[in-house]
Amino acid sequence: MLDKHGRKINYLRVSVTDRCNLRCVYCMPKDGVIKKEHDSIMRYEEIFSVIKSASVLGIDKIRFTGGEPLILKDIDRLIYNTSKIDSIKDIAMTTNAILLEDKAVELKKAGLKRVNISLDSLKKDRFRNITRGGDIDKVFKGIDKALSLGIKPIKINTVMMRGINDDEIKDFMNLTKEYPISVRFIELMPIGEGSKLYKDSYISSEEVISKYSDLIPVKSNKSSTAQLYKFSKSKENVGFISPMSCKFCSNCNRVRLTAEGTLKPCLHSEKEVDLKKYLKDSESLLSKINENIYNKPLEHHMVEEKKSNSKKMMYQIGG
Ligand code: SAM
Ligand code: SF4
């Protein structure tokens, strides 16, 4: 469907849990988060009701995220049932891949088409520090497994952070020459824990792109959030996602369902509607989703204000 600014909204990102098996420094507080009451987190059936209603309104692309989506016991069942909705054309996931090796076969069987893997260092000790305890070998095994099953394309998402991982940007780019893997560099955003690092560690995409004269621009889809490039001999492309320096609001095609069941028409707006209240009545649910998609804000103001106005954190929204 179209929102009131004429943008076609066809993409729903679903945060299936606000819990995570890692504690990335720019995302989760060191000691984790206070566990929400069981009832305040959406259950599998509730998430599915929202996906079904959204599909009636023209949502044809779903991305499961979190927190960490692979810690949800029923994630493969949710993917399978979503894949059975006729109008859904694409099902993807964003994951830290710690549990991917174990789950990849079931995920593929269930209908998962694509996976984005968040990885901010290729070095074992540094990865452990950034994620506060993660084991990079598990991520590498997850990537190998996904490649061997033909889950394609695999995209690696890397948040660029000055003084933390900026010396590895070239190594990440080189992955696209050796493997059928795309890499997306993401600008650090001043949201949640990211606000504490932002002043010292934010790097703009432009600064990085300007250092690599051998990057060749590649045309991307209108709704793509990434500026794409490749090297002459690379197998896949390198992308830059620039929510701060080059915001993509005018082409934004997405809305978000948080782990607590609120629909957020914009990642960085404080506006959200609690869909849990409407789950028992499918007409009201449809009408609330419709109203909120239609009224999606024109743009965020994170750049001017140097902060996100979102009341929810990245681990609750899913990025
Ligand atoms: N746990 C999964 C993962 O890490 O892929 C999915 C959820 S995570 C919140 C989704 C994405 O948000 C990750 O790629 C992560 O790097 C990104 N993210 C979290 N906080 C961020 C911040 N402050 N700035 C930029 N990206 C951020
Ligand atoms: Fe967990 Fe993903 Fe946040 Fe890291 S970025 S703490 S893996 S939700």
Side-chain angles (χ1 to χ4, degrees), residues 13-33 62-72 75 92-100 103 107 112 114-121 126-136 138-139 142-143 146 154-162 164-165 172 182-205 225-226 239-245 247-248 254 256-259 264 267-268 300 302-303 306-310 312-319:
R13 296 171 79 117
V14 180
S15 171
V16 294
T17 175
D18 60 355
R19 300 193 190 163
C20 187
N21 45 2
L22 297 180
R23 299 272 177 275
C24 300
V25 287
Y26 53 77
C27 179
M28 278 260 182
K30 190 159 115 237
D31 299 320
V33 291
I62 304 284
R63 174 174 298 275
F64 293 106
T65 170
E68 175 46 40
L70 292 183
I71 66 175
L72 190 78
I75 189 72
M93 176 181 284
T94 302
T95 171
N96 61 32
I98 292 285
L99 298 172
L100 188 59
K103 301 213 168 182
L107 294 172
L112 184 71
R114 303 183 294 115
V115 65
N116 284 18
I117 294 172
S118 304
L119 181 61
D120 302 315
S121 176
R126 186 179 283 177
F127 179 81
R128 190 183 306 113
N129 290 338
I130 293 176
T131 58
R132 300 196 182 98
D135 177 358
I136 201 167
K138 291 193 174 150
V139 179
I143 295 174
I154 293 180
K155 289 184 193 162
I156 291 190
N157 287 349
T158 303
V159 178
M160 304 177 285
M161 292 172 282
R162 195 185 306 284
I164 298 180
N165 66 356
F172 275 106
S182 304
V183 175
R184 298 277 181 275
F185 294 104
I186 305 174
E187 288 179 345
L188 178 67
M189 294 185 281
I191 177 169
E193 295 296 298
S195 312
K196 300 179 186 165
L197 296 174
Y198 184 75
K199 189 166 159 288
D200 291 332
S201 292
Y202 168 76
I203 313 176
S204 72
S205 302
T225 51
F240 290 85
I241 301 183
S242 315
M244 302 305 296
S245 67
K247 64 184 191 183
F248 31 79
R254 60 199 62 186
R256 294 168 159 90
L257 179 66
T258 70
K264 274 181 76 71
L267 172 58
H268 296 296
H300 68 70
M302 193 169 49
V303 182
K306 298 238 171 342
K307 67 173 176 54
S308 170
N309 287 322
S310 174
K312 298 254 177 336
M313 302 298 120
M314 287 296 273
Y315 57 82
Q316 296 168 306
I317 312 166

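Both ligands and their constituent atoms are indexed starting at 1 by order of listing. No experiment lies behind these values; they were computed from the predicted model shown.
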Peer 1: Classify the contact between Thr95 and ligand 1 as side chain, backbone, both or neither, using a heavy-atom distance cut-off of under 4.0 Å.
Peer 2: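 Looking at Thr95 and ligand 1, just backbone atoms fall under 4.0 Å.
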Peer 1: Record the part of Thr65 in heavy-atom contact with ligand 1 below 4.0 Å; permitted values are side chain, backbone, both and neither.
Peer 2: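 Looking at Thr65 and ligand 1, just side chain atoms fall under 4.0 Å.
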Peer 1: In the protein, which heavy atom is nearest to atom 26 (N) of ligand 1, and how far is it?
Peer 2: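 Checking every protein heavy atom, the shortest distance to atom 26 (N) of ligand 1 gives Val159 CG2, 3.7 Å.
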Peer 1: Could you tell me which non-hydrogen atom of Thr17 sits nearest to which non-hydrogen atom of Glu68, and how far apart they are?
Peer 2: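 Answer, listing the atom of Thr17 first, then Glu68: CG2-O, 3.4 Å.
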Peer 1: Note the single closest protein heavy atom to atom 1 (N) of ligand 1, along with its residue, its atom name and the distance in Å.
Peer 2: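 The closest one turns out to be Gly67 O, 2.9 Å.
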Peer 1: Starting from atom 24 (N) of ligand 1, what is the nearest protein heavy atom, named by residue and atom, and what distance separates them?
Peer 2: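 Here the closest protein heavy atom is Met189 N, 2.9 Å.
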Peer 1: Ignoring hydrogens, what is the shortest heavy-atom contact between Arg23 and Asp31? Give both atom names and the distance.
Peer 2: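 Heavy atoms only, the tightest pair is NE-C, 4.1 Å.
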Peer 1: Quick check: does Glu68 get an N/O under 3.5 Å from an N/O on ligand 1?
Peer 2: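 Yes; the residue has a nitrogen or oxygen that sits under 3.5 Å from a nitrogen or oxygen of the ligand.
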Peer 1: Examine the side chains of Ser310 and Lys264 and answer whether a donor and an acceptor come within less than 3.5 Å of each other.
Peer 2: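 Result is yes, a qualifying pair exists.
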Peer 1: Of the protein's non-hydrogen atoms, which lies at the shortest distance from atom 12 (O) of ligand 1, and what is that distance?
Peer 2: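 For this ligand atom, the closest protein heavy atom is Met314 CE, 3.6 Å.
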Peer 1: How far is atom 16 (O) of ligand 1 from the closest protein heavy atom, and which atom is that?
Peer 2: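 Atom 16 (O) of ligand 1 sits closest to the protein heavy atom Tyr26 OH, 2.9 Å.
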Peer 1: Counting backbone and side chain alike, does Cys20 bring an N/O/S atom below 2.8 Å of atom 3 (Fe) of ligand 2?
Peer 2: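 For Cys20, the answer is no, given that no N, O or S atom comes within less than 2.8 Å of atom 3 (Fe) of ligand 2.
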Peer 1: Looking at every non-hydrogen atom in both residues, tell me the closest pair between Phe64 and Pro69 and how far apart they are.
Peer 2: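 Shortest heavy-atom separation between Phe64 and Pro69 comes out as O-CG, 4.1 Å.
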Peer 1: For ligand 1, does Glu187 get within less than 4.0 Å through its side chain, its backbone, both, or neither, judged by non-hydrogen atoms?
Peer 2: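 Within the 4.0 Å criterion, Glu187 contacts ligand 1 through backbone atoms alone.
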Peer 1: Suppose we measure from atom 3 (C) of ligand 1 to each protein heavy atom; which comes out shortest, and what is that distance?
Peer 2: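 Nearest protein contact, heavy atoms only, for atom 3 (C) of ligand 1 is Ser118 OG, 3.3 Å.
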Peer 1: Starting from atom 10 (C) of ligand 1, what is the nearest protein heavy atom, named by residue and atom, and what distance separates them?
Peer 2: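 For atom 10 (C) of ligand 1, the nearest protein heavy atom is Gly318 O, 3.4 Å.
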